[in-house]
Amino acid sequence: MVKVHKFFRYVLVTLSIALFAILSVSCVKKNSNGGNGDDYNPPVSIIEQPKSSNLNIYVNKSSNGAFSVPVIVDTDLSMFNTNTAKSNDKLYVTNVIGENIDDLLIVGLQYSCFTADTGIVDATHRNFVCVFNFEVSPKTTWISKGAIRKITKITFKILDSAISVPVAVNIFEKADNSKFIDECPILNNTQYLTLSERVAEHIDGKSCFNLALNWNIQGWGGNDREDDDYATIVGFRFANLALQLETFAIIVDNDEGIPIEETSVPLNLDNVNYDLTSRKCYWSSNFVEFKVTIVGSGNQIVSDSLIMQYTLNGGTEMYEVNLATIQLYDYDTLLSRITKV
């Protein structure tokens with residue numbers, strides 16, 4: 001009986017060792033083939049990136065600029081998304097080349113990698129997009145210049161491959177005589193924003209944006225809700241003509257302080273004439289919604305600043321405010337320009 005027990009113990013130990021060995025080999029194989037192993041580096045071909053950007057941003061002592069750049073690859077890299085604001089040691093920016101940018105801090109972080117199925121001729125030549133978000137801010141050495149600062153090329157490390165993307169990023173200090181939204185007398189907004197959107201797949205081909213405008217009635221001479229002072233919105237334009245405004249509407253949710261059902265009031269862009277009276281604007285801010293399209297077909301990565309024009313109390317002098325930088329990305333058309341690899 002003792003010998004039988006010893007025999008079974010021997011068999012059990014042997015089976016345990018064999019099972020452990022099988023599991024070990026399986027785990028090593030999984031990592032080497034790219035399961036969840038940290039050393040998984042799928043091959044990434046170097047694809048010639050088309051120059052398709054026309055980005056216009058604004059940076060000065062009090063305003064930062066932002067833009068995004070897509071890198072086209074032939075490998076699904078979504079597994080390396082960090083979904084955080086910290087650096088990614090698999091996908092990162094290695095160099096930014098330009099003109100007059102020594103006094104700027106330019107930080108780019110990997111944001112998202114995703115599959116882009118549109119524009120694909122066949123499944124053997126699938127392309128994917130990795131988007132990098134950039135923030136541009138003035139260094140302590142920043143001084144006002146007459147020259148436009150420019151970024152012309154950005155190099156990325158995509159796993160083991162170095163990929164350079166030609167870009168056209170124009171960095172302005174201001175837009176003509178326009179005030180930024182955070183320094184405009186008729187607005188209480190405290191931050192100049194960059195609003196980004198991928199070209200929507202709507203029937204009308206337009207992309208929709210929303211922005212909250214916080215009115216300051218004192219900017220047109222108002223003091224209380226009974227004042228008759230007002231400002232009048234008389235027009236819109238894009239500072240560098242890179243985008244085109246298709247629609248603009250003001251969302252109204254009260255009538256001189258009395259809540260009403262939310263109503264969209266579209267403005268006639270051919271003859272804008274909308275009064276911002278103290279009686280209307282004393283009570284609340286307004287959300288506005290607008291749709292834009294890219295001008296021309298040569299660029300698929302575009303940004304520009306939306307300028308609102310207004311007058312005060314029926315006067316003829318026109319003032320302008322830079323509401324926000326608007327960015328559009330047409331990945332579908334961009335991918336259709338990629339040469340097969």
Side-chain angles (χ1 to χ4, degrees), residues 54-60 62-63 65 148 170 172-195 197 206-222 227-252 263-282 284-296 302-328:
N54 180 15
L55 296 161
N56 300 285
I57 66 174
Y58 292 85
V59 178
N60 58 30
S62 59
S63 297
I148 299 173
N170 301 307
F172 301 90
E173 295 178 17
K174 62 178 303 184
D176 300 328
N177 296 318
S178 303
K179 291 184 178 295
F180 284 93
I181 193 171
D182 54 357
E183 61 182 12
C184 177
I186 71 168
L187 289 161
N188 283 322
N189 290 65
T190 59
Q191 188 177 9
Y192 179 73
L193 300 175
T194 297
L195 307 179
E197 181 72 42
K206 304 178 183 69
S207 294
C208 188
F209 294 88
N210 294 277
L211 183 66
L213 298 181
N214 302 300
W215 307 113
N216 176 17
I217 67 171
Q218 294 180 350
W220 54 73
D227 280 336
D228 292 324
D229 301 271
Y230 63 97
T232 303
I233 301 175
V234 295
F236 299 92
R237 67 181 179 89
F238 277 101
N240 296 286
L241 306 178
L243 296 170
Q244 179 171 312
L245 186 65
E246 300 289 343
T247 65
F248 192 99
I250 294 179
I251 309 301
V252 178
T263 304
S264 176
V265 181
L267 303 187
N268 179 3
L269 297 183
D270 293 326
N271 183 25
V272 182
N273 184 32
Y274 184 83
D275 288 337
L276 301 164
T277 66
S278 297
R279 295 174 183 268
K280 288 179 185 176
C281 300
Y282 174 87
S284 70
S285 59
N286 286 111
F287 279 103
V288 297
E289 58 182 17
F290 52 94
K291 293 183 178 181
V292 303
T293 55
I294 296 175
V295 174
V302 176
S303 72
D304 209 342
S305 290
L306 179 59
I307 309 296
M308 184 180 80
Q309 302 165 322
Y310 66 94
T311 60
L312 297 177
N313 298 305
T316 57
E317 184 176 1
M318 188 174 67
Y319 305 89
E320 294 189 328
V321 52
N322 188 338
L323 295 179
T325 292
I326 311 302
Q327 301 189 6
L328 275 186

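Start at 1 with the first residue, then count along the sequence.
Nearest heavy-atom pair, V302 versus L55, reported as atom, atom and distance to 0.1 Å: C-CD2, 3.8 Å. What you find for S63 and D182 is that their closest heavy atoms are OG-OD2, 4.3 Å. In terms of heavy-atom proximity, N210 sits nearest to L195 at O-CD1, 3.7 Å. The shortest non-hydrogen separation linking E320 to Y310 is N-CE2, 4.3 Å. The shortest non-hydrogen separation linking G221 to D229 is O-OD2, 3.5 Å. Across every non-hydrogen atom of E246 and L269, the tightest pair is O-CD1, 3.4 Å.
Proximity of a side-chain donor or acceptor of N189 to a complementary backbone N or O of N214 within less than 3.5 Å is detected. A donor-acceptor contact shorter than 3.5 Å links the side chain of N313 to the backbone of W220. Looking only at distances, a side-chain donor or acceptor of T277 sits under 3.5 Å from a matching main-chain atom of K280. Listed for the N240 side chain is no donor-acceptor partner under 3.5 Å among the backbone atoms of A242. Judged by distance alone, with hydrogens and angles left aside, the side-chain atoms of N216 form a donor-acceptor pair with the main-chain N or O of Q218 at under 3.5 Å. A donor-acceptor pair under 3.5 Å links the side-chain atoms of S303 to the main chain of N56, judged by distance alone.
Using a 4.5 Å heavy-atom threshold, the side chains of S264 and E289 count as touching. Within the 4.5 Å cutoff, the side chain of E317 has no heavy atoms near those of the T311 side chain. Looking only at side-chain heavy atoms (C-beta outward), I186 and V321 stay at 4.5 Å or farther from each other. Two residues are said to be in side-chain contact when any heavy atoms from C-beta on lie closer than 4.5 Å; L323 and L213 meet this criterion. Between L276 and T232, every side-chain heavy-atom pair lies at or beyond the 4.5 Å cut-off.
With a 6.0 Å radius and a threshold of 12 heavy atoms from other residues, nucleotides or ligands, Y274 has its OH atom above the threshold. Atom NZ of K174 is surrounded by more than 12 heavy atoms from other residues, nucleotides or ligands within 6.0 Å. For N268, the CG atom is densely surrounded, since the number of other residues' heavy atoms within 6.0 Å is greater than 12.
For Y282, there are no ring-ring contact (aromatic ring centres under 6.0 Å, His included) partners at least two apart in sequence or on another chain.
Under 4.0 Å is where a charged nitrogen must lie from a carboxylate oxygen, and between R279 and D227 no such pair does. For the pair D304 and R237, the salt-bridge criterion is not met [side-chain N within less than 4.0 Å of a carboxylate O].
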- Can F236 and Q309 be said to form a side-chain contact (heavy atoms from CB on, under 4.5 Å), step by step? CA-CA 6 Å; F236 299 92; Q309 302 165 322; 5.9 Å; no
- Report the C-alpha separation of V265 and I251 in whole Å, then their side-chain angles, then the decisive distance to 0.1 Å, and conclude whether the side-chain contact (heavy atoms from CB on, under 4.5 Å) test is met. CA-CA 6 Å; V265 181; I251 309 301; over 6 Å; no
- Tell me, with the steps shown, if F238 and I326 meet side-chain contact (heavy atoms from CB on, under 4.5 Å). CA-CA 9 Å; F238 277 101; I326 311 302; 4.0 Å; yes
- For M308 and I233, what are the C-alpha separation, side-chain angles and deciding distance, and is it a side-chain contact (heavy atoms from CB on, under 4.5 Å)? CA-CA 7 Å; M308 184 180 80; I233 301 175; 3.8 Å; yes
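Checking Q244 against T293 by side-chain atom types alone, no donor-acceptor pair falls below 3.5 Å. Between the side chains of S305 and T325, a donor-acceptor pair is found at a separation under 3.5 Å. The closest side-chain donor-acceptor pair between N286 and W215 falls under 3.5 angstrom. A donor-acceptor contact under 3.5 angstrom links the side chains of Y192 and N322, judged on distance only.
Using cut-offs of 30° and 60° on the angle between ring planes, the pair F290 and F248 is parallel.
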